[in-house]
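The model shown is predicted, which means the values in this text are computed figures rather than measured ones. Throughout, protein chains are lettered first and strands after them, A, B, ... in sequence-line order, and every chain is numbered starting at 1.
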Protein chains: 2
Amino acid sequence: MEASDIQTLLRFFKVMANESRLKVVGLLAQRECSVEELAALLNLKEPTISHHLAKFRELDLVQMQPKGNTHLYRLNMERLNELNKSVVVASPIALAEDVEPEAWETKVLKSYLENDRLTKIPASRKKRWIILKWLVKQFEPNVTYPEKAVNEIIQQAHPDSATLRRELVGYQMMRRENGIYWRLPESEWKPV
Amino acid sequence: MEASDIQTLLRFFKVMANESRLKVVGLLAQRECSVEELAALLNLKEPTISHHLAKFRELDLVQMQPKGNTHLYRLNMERLNELNKSVVVASPIALAEDVEPEAWETKVLKSYLENDRLTKIPASRKKRWIILKWLVKQFEPNVTYPEKAVNEIIQQAHPDSATLRRELVGYQMMRRENGIYWRLPESEWKPV
DNA sequence: CATCTACTTAGACGCATATCTATTTAATTG
DNA sequence: CAATTAAATAGATATGCGTCTAAGTAGATG
C-alpha cells in the first residue's frame with residue numbers, strides 16, 4: 001500500500017470533504033460528463049468545475065479523454081476503492097508514525113523535575129507512574145539496598161522518601177523482604 | 001444504511017480532512033488517551049484538542065469515559081468502518097440525488113431557444129441532440145407528414161428546414177419512405 | 001485565416017475553520 | 001471550604017479554500 005501514506009490519505013479526505021466535489025463523484029459514478037455539463041448540473045461556472053476536477057486528477061481519481069473540443073471525465077472506481085480501503089488499514093498503523101510517542105512523558109518529567117529534583121509529587125496516578133519510572137532508574141538492577149540506603153537515594157530527588165518508597169513498592173517496581181529492597185524488572189511493574 | 005446519507009458522509013470527510021485529527025485517530029486506534037496527553041503528543045494546546053474531539057463526538061466516532069478529573073477518549077472502530085463503507089456504497093447512488101438531472105438539457109434549450117424559435121443550430125453533436133429531441137416533439141406520433149408539411153413545421157422554429165429535416169432522419173427520430181415522413185418512438189433514436 | 005467553443009489558468013474576494021489566550025465548570029486534594 | 005487540576009467554552013486571529021471574473025489556449029468550423 002505504498003501509494004497510500006498518511007499524506008496521500010490526508011489529501012484524499014481533503015478532496016472528498018466538499019459538497020460540490022461529492023456530487024461530482026456521484027454524477028461521474030453514473031456516466032462520463034463534460035466540464036460544461038457538470039457545471040450546468042451543479043449550477044456552477046466552468047472554471048469552478050475545472051478547479052475541482054484538477055484536485056481529482058492529482059489523486060488519479062478521474063480519467064480524462066478529449067473528444068474534439070470537449071473533455072470527457074470519468075471516475076476511476078478502482079482508485080476510489082483503493083484509497084478508501086487504506087483508511088482502515090492505515091489508521092491504526094501509519095497515521096501516528098511521525099508523532100514521537102515519548103512527547104507526553106517528556107513533558108510530564110520536565111514539568112516536575114528541576115535539576116534532577118522532584119519539585120512535588122504528582123497527584124494523578126498517570127503522572128505519578130511516569131515520575132516513579134524515572135525514580136526507579138536511580139537504583140541498579142540486581143543490587144540489594146537496606147532501607148536506609150533507599151531513603152538516601154530517594155531523598156536526593158525529594159524529601160518525602162517514605163511516601164515515594166511506599167509507592168515504588170505499591171507499583172511493584174521494587175520489592176521489600178526483611179528490610180532489604182531491590183529493583184524488579186520492568187515486566188513486573190503494575191501501572192494501573 | 002440510514003445513518004449515512006450524503007450530509008453525514010460529507011461531515012465524515014470534513015472531520016477526517018485535517019492532519020491533526022488524522023493523527024488523533026492514529027493515536028486513539030492504539031490506546032485510549034486523555035485530552036492532556038493528546039495535546040502533549042501533538043504539540044497542541046488542550047482547547048484545540050477539545051475542539052477536535054468535539055467534531056469526532058458529533059459523528060459518534062469516539063467514546064468518552066470520565067475517570068476522576070480526566071476524560072479518557074477511545075476510538076469507535078465500528079463506527080469508523082461503517083462510515084467508511086458508506087463511501088463506496090453511497091457514491092454511485094445517493095450522492096447525486098439532490099441534483100436535478102435535467103438541468104443540463106434545460107440550460108441548452110434555454111440558450112438556443114427564444115419564443116419557441118431556434119436562434120441557431122448547435123455545432124456540437126451533444127447539443128444538437130438535445131435540440132432535435134425538442135424539435136421532434138412538434139410532430140404527433142403515429143401521424144404521417146408529406147415533406148412539405150414537415151418543412152412548414154420545422155420552419156416555425158428555424159428557416160433551414162432542409163438541414164434539420166436531414167438531421168432528424170439521421171438520428172432516426174423520423175423515418176422517410178416515398179416522400180412521406182413519420183415520427184419514430186424514442187427507443188429507436190440513435191444519439192451517438 | 002478568422003471565428004467560435006470548451007476548457008484551463010490566473011488572480012481576487014469572502015467565508016469557513018484551526019489554533020491560540022482567557023475564562024468558566026467540574027472533580028480532587030488538603 | 002480553599003486550592004489545584006483537567007476539560008470545556010468563548011472569543012480573537014490568521015490561514016486555507018471555494019467560487020467568481022477575466023484572460024489565455026487549443027480544437028473545430030466556415
**Report entry** Qualifying ring pair (Phe, Tyr, Trp, His ring centres under 6.0 Å) pairs, either residue in residues 141-161 of chain A, two or more places apart
**Finding:** A:Phe139-A:Tyr145
Requested in this report: Using only side-chain N and O atoms of A:Tyr73, determine if any of them is under 4.0 Å from OP1 or OP2 of C:dT8.
Outcome: yes
Query raised in the report: When you check the side-chain N and O atoms of A:Glu147 and A:Tyr181, is any donor under 3.5 Å from an acceptor?
Result: yes
Query raised in the report: Are any of B:Lys127's side-chain N or O atoms less than 4.0 Å away from OP1 or OP2 of C:dA6?
Result: yes
Query raised in the report: Can you tell me if the side-chain N/O atoms of B:Ser50 get under 4.0 Å from OP1 or OP2 in D:dA8?
Result: yes
Query raised in the report: Would you say D:dA8 has OP1 or OP2 under 4.0 Å from some side-chain N or O of B:His71?
Result: yes
Requested in this report: Could you tell me whether A:Glu82 and A:Arg79 have a side-chain N and a carboxylate O separated by less than 4.0 Å?
Outcome: yes
Report task. Answer with base, sugar-phosphate or nothing: what part of the nucleic acid does A:Lys120 contact at a heavy-atom distance below 4.0 Å? Result -> sugar-phosphate
Report task. Map A:Thr70 and A:Pro47 onto DNA chain C by nearest heavy atom, then report which one ends up closer to the 5' terminus. Result -> A:Thr70
Query raised in the report: What integer distance in Å separates A:His51:NE2 from D:dA22:C1'?
Result: 17 Å
Query raised in the report: Do B:Asn69 side-chain and C:dT28 base share a donor-acceptor contact under 3.5 Å?
Result: no
Query raised in the report: B:Ser20 side chain N/O closer than 4.0 Å to the phosphate oxygens (OP1, OP2) of C:dT19?
Result: yes
